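Working notes for the structure below.
This structure is a prediction, so every number in the text was calculated from the model and none was measured. Just so it is clear, the values below take in all heavy atoms, side chains as well, and ignore hydrogens, waters and symmetry mates.
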Amino acid sequence: MYIKDLGLYDGKEVTLKGWAANKRESKGLVFIIMRDGSGLCQAVVDAGKVAEELFEAARKVTLETSLIIKGIVVKDERQVGGYEVQVSAVEILQTAVDYPIAKKEHGVDFLMDHRHLWLRSQRQWAIMRIRNRIIYAIHQFFQEDGFVQMDAPIFTGNACEGTTNLFETEYYGEAAYLSQSGQLYGEAMAMAMGKIYTFGPTFRAEKSKTRRHLSEFWMIEPEMAFYDIFDNMDLIERFLRRVVSEVLQTCKTELEIIGRDTAILENIVKPFPRLTYDEAVSIIKGEKEVNGKNAITSLETELEVVKKRIDEIHTEIKEREEKIKTPGMKKGEIGFNQAKIDKLKQELDDMEEQARNIPQWLNSARTFEYGNDFGGSDETVLTRLFDVPIMVYNWPHAVKAFYLKRDPNDSRFARGVDTLAPEGYGEIVGGGERETDEQLLIEKINEHGLPMQAFEWYLDLRRYGAVPHAGFGLGLERLVTWICKLPHVRESIPFPRMYGRLLP
RNA sequence: UCCUCGAUAGCUCAGCUGGUUAGAGCACAUGACUGUUAAUCAUGGGGUCCCUGGUUCGAGCCCAGGUCGGGGAGCCA
């Protein structure tokens with residue numbers, strides 16, 4: 001019996017096993033908000049209807065105490081979930097003393113130290129359920145489309161793209177590294193199976209402290225034989241559309257809990273703009289407009305808006321602080337204003353952060369040099385102009401991975417494609433068509449200073465029945481972060497591993 | 001590695017130009033209230049002001065170095 005099914009038992013007696021998410025009390029009545037993993041529900045213990053010792057036990061229930069209750073389901077529109085339970089029996093399993101996560105807001109560091117408990121809170125519950133649904137939708141999409149899941153190894157013996165961002169470990173006395181991509185193995189598997197996808201953990205020892213980076217994250221890497229870059233883009237678009245639509249259809253409650261504005265997600269039915277690197281660069285530099293919007297001037301406007309908001313917040317805080325000091329003010333009203341002030345101060349911190357960052361981004365966009373890869377700020381500048389994901393393809397070959405196919409029409413470019421999420425979330429997918437020409441690959445491997453011997457097996461794929469093929473890599477946590485519009489990737493995975501944090 | 005912001009009660013924070021006994025709200029405990037929605041009201045306990053050194057008659061506040069954390073750059077999904 002789970003809380004989510006209470007509606008099926010209207011008027012009947014049920015037994016619920018769970019935890020106390022909250023408790024309120026008045027004379028003769030105890031309200032316990034039960035949480036069982038499937039949902040929330042209010043349980044009412046009435047002194048007049050239960051034995052005295054039962055009522056006393058209910059009164060002593062603390063936050064996150066585990067308990068079993070028995071009672072009658074009553075429809076009540078005012079309650080979370082629309083039902084409440086009139087309790088006839090309570091059994092305490094274990095009384096939780098001083099549960100550290102209070103009902104009020106906490107700081108990031110404190111919450112991260114208590115991640116194992118934080119996961120119980122409603123917002124984290126909703127995010128994890130959306131993450132689960134995204135994973136399920138990914139499998140649904142690929143399986144229904146004839147893909148075979150084939151996973152790449154996690155231990156790798158050679159440092160294919162340099163050792164600086166690889167985690168080194170030891171493998172029976174040999175140096176080994178944790179995988180940072182299953183890409184090359186994916187190509188081999190696609191030659192065996194036609195269409196495959198990998199779904200596994202990936203490790204990057206990048207000392208990055210930003211809202212987009214994790215040291216351990218989950219990546220989905222499909223690889224398809226006989227696909228070119230355009231087939232690849234079609235697939236990316238169809239894939240993202242399917243995942244978003246599944247989430248919209250099946251996670252209404254969860255999206256509501258996290259307060260996600262779904263308007264942008266509903267938009268995902270529209271085609272994704274496909275821009276060449278050249279076009280994208282002119283947009284970033286403000287030489288080309290998108291729907292009448294200029295990247296540079298609209299960011300300047302944004303900066304003005306932010307500055308104005310900072311002023312507004314300052315005056316509002318001052319007003320409310322004055323208000324609190326007026327004599328005779330009720331305690332409730334003071335509390336209300338204090339809460340508002342706390343919220344405003346947090347917003348102020350964010351705004352001031354933005355006011356510091358935007359000028360840097362503007363500078364980066366203005367001075368962008370043709371031929372460079374995009375940085376995080378360039379992606380932000382670009383994607384702010386769109387309300388759907390965009391795909392940027394045909395990159396200068398020098399800035400992209402060695403295995404990307406040289407554009408047959410223009411040898412300056414490689415057939416890579418990056419998919420950038422809207423709302424400033426940046427790159428969620430990176431991929432492209434693979435080089436099939438053995439000689440060009442050998443040149444590239446030498447150019448990058450990579451050990452040829454380690455790539456012999458990879459070159460075999462070009463010697464024995466090479467075919468055009470393409471694929472992409474999708475960072476699960478970045479996708480979850482964007483779909484949920486989270487302020488930081490750390491909330492998109494149960495136990496984030498990031499620079500400076502290995503516990504819990 | 002670099003830039004930038006920060007560290008005060010269990011939690012979130014205030015603490016003015018350096019001044020005598022460091023504050024609030026929440027949480028917790030006790031009590032009041034028979035329908036609460038972060039319930040409310042009253043009372044109470046609770047402090048290594050991150051560390052080390054310096055300036056000063058006097059440092060939570062100023063200076064130097066360090067530790068830890070937030071955000072950004074680089075790198076990336």
Side-chain angles (χ1 to χ4, degrees), chain A residues 21-33 40 42 44-49 62-63 76 78-80 84 97-114 161-162 164-165 180-181 183 202 204-215 217-221 317 321 324 330-332 334-339 341-343 345-346 349-350 352-354 356-361 363-364 373-380 399 401 418-421 425-431 472-482 487-490 499-501:
Chain A
N22 199 358
K23 188 193 74 174
R24 288 178 284 270
E25 217 183 316
S26 71
K27 190 176 174 78
L29 282 174
V30 175
F31 303 95
I32 297 169
I33 309 299
L40 292 175
Q42 174 163 281
V44 186
V45 188
D46 188 328
K49 291 178 185 163
T62 54
L63 228 54
D76 187 339
R78 292 168 302 177
Q79 306 309 335
V80 222
E84 71 173 18
V97 181
D98 293 334
Y99 185 67
I101 299 189
K103 286 174 263 181
K104 233 197 147 193
E105 288 165 73
H106 293 283
V108 186
D109 196 35
F110 179 83
L111 287 172
M112 287 305 300
D113 282 341
H114 296 83
E161 294 177 39
T164 48
N165 51 5
Q180 60 171 185
S181 166
Q183 149 76 43
T202 303
R204 304 263 169 102
E206 297 159 356
K207 289 183 178 173
S208 301
K209 287 173 72 164
T210 82
R211 58 183 77 216
R212 304 188 303 281
H213 286 87
L214 291 169
S215 301
F217 63 96
W218 289 71
M219 192 148 71
I220 294 92
E221 294 181 287
I317 288 178
E321 275 173 345
I324 286 179
K330 276 187 191 162
K331 210 178 165 187
I334 291 175
F336 175 79
N337 277 290
Q338 193 58 55
I341 289 172
D342 287 355
K343 271 236 167 75
K345 283 191 175 163
Q346 275 194 8
D349 281 352
D350 286 353
E352 285 176 340
E353 195 102 46
Q354 281 200 51
R356 281 193 295 267
N357 287 335
I358 291 175
Q360 288 184 40
W361 297 345
N363 189 48
S364 157
D373 203 350
F374 294 171
S377 51
D378 305 310
E379 288 174 358
T380 307
V399 300
D418 282 358
T419 304
L420 310 176
Y425 280 90
E427 187 172 354
I428 51 172
V429 171
F472 62 89
L474 167 96
L476 176 66
E477 286 73 20
R478 285 201 181 165
L479 181 62
V480 174
T481 303
W482 166 57
H488 197 295
V489 261
R490 67 181 150 234
Y499 183 52
R501 180 169 291 278

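At a cut-off of 3.5 angstrom, the base of B:G35 holds at least one donor-acceptor pair with the side chain of A:E84. With hydrogens and angles left out, the side chain of A:S208 and the base of B:G74 share a donor-acceptor pair within 3.5 Å. Remark: the A:H106 side chain and the B:C11 base include no donor-acceptor N/O pair separated by less than 3.5 Å. Evaluation of atom-type donor-acceptor distances gives a pair under 3.5 Å for the side chain of A:Q42 against the base of B:U36.
At distances below 3.5 Å, not a single donor-acceptor pair connects side-chain atoms of A:R212 with backbone N or O atoms of A:G426.
B:G60 sits 15 Å from B:A9 when the P atoms are compared, rounded to a whole Å. Here, B:G6 and B:G66 have their C1' atoms 16 Å apart, quoted to the whole Å. Rounded to whole Å, the C1' atom of B:C61 lies 23 Å from the corresponding atom of B:G25. For the C1' atoms, the distance from B:G69 to B:U8 is 16 Å, rounded to whole Å.
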| If you write RNA chain B from 5' to 3' in dot-bracket form, with Watson-Crick or G-U pairs under 3.5 Å, [ ] for crossing pairs and | for pairs with another strand, what do you get? | (((((((..((((.....[...)))).(((((.......))))).....(((((..]....))))))))))))....
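Ring-to-base geometry does not place A:F31 in a stacked arrangement with B:G35 (centre distance under 5.5 Å, plane angle under 30° required).
Between A:P487 and A:S26, the residue whose closest nucleotide on RNA chain B is further toward the 5' end is A:S26.
Rounded to whole Å, atom C1' of B:C3 lies 17 Å from atom NZ of A:K207. Going from atom CG of A:D113 over to atom P of B:C68 covers 14 Å, rounded to whole Å. As rounded to whole Å, 7 Å separates atom P of B:G70 from atom CZ of A:R501.
At the heavy-atom level, A:H488 lies under 4.0 Å from the strands shown only through sugar-phosphate atoms.
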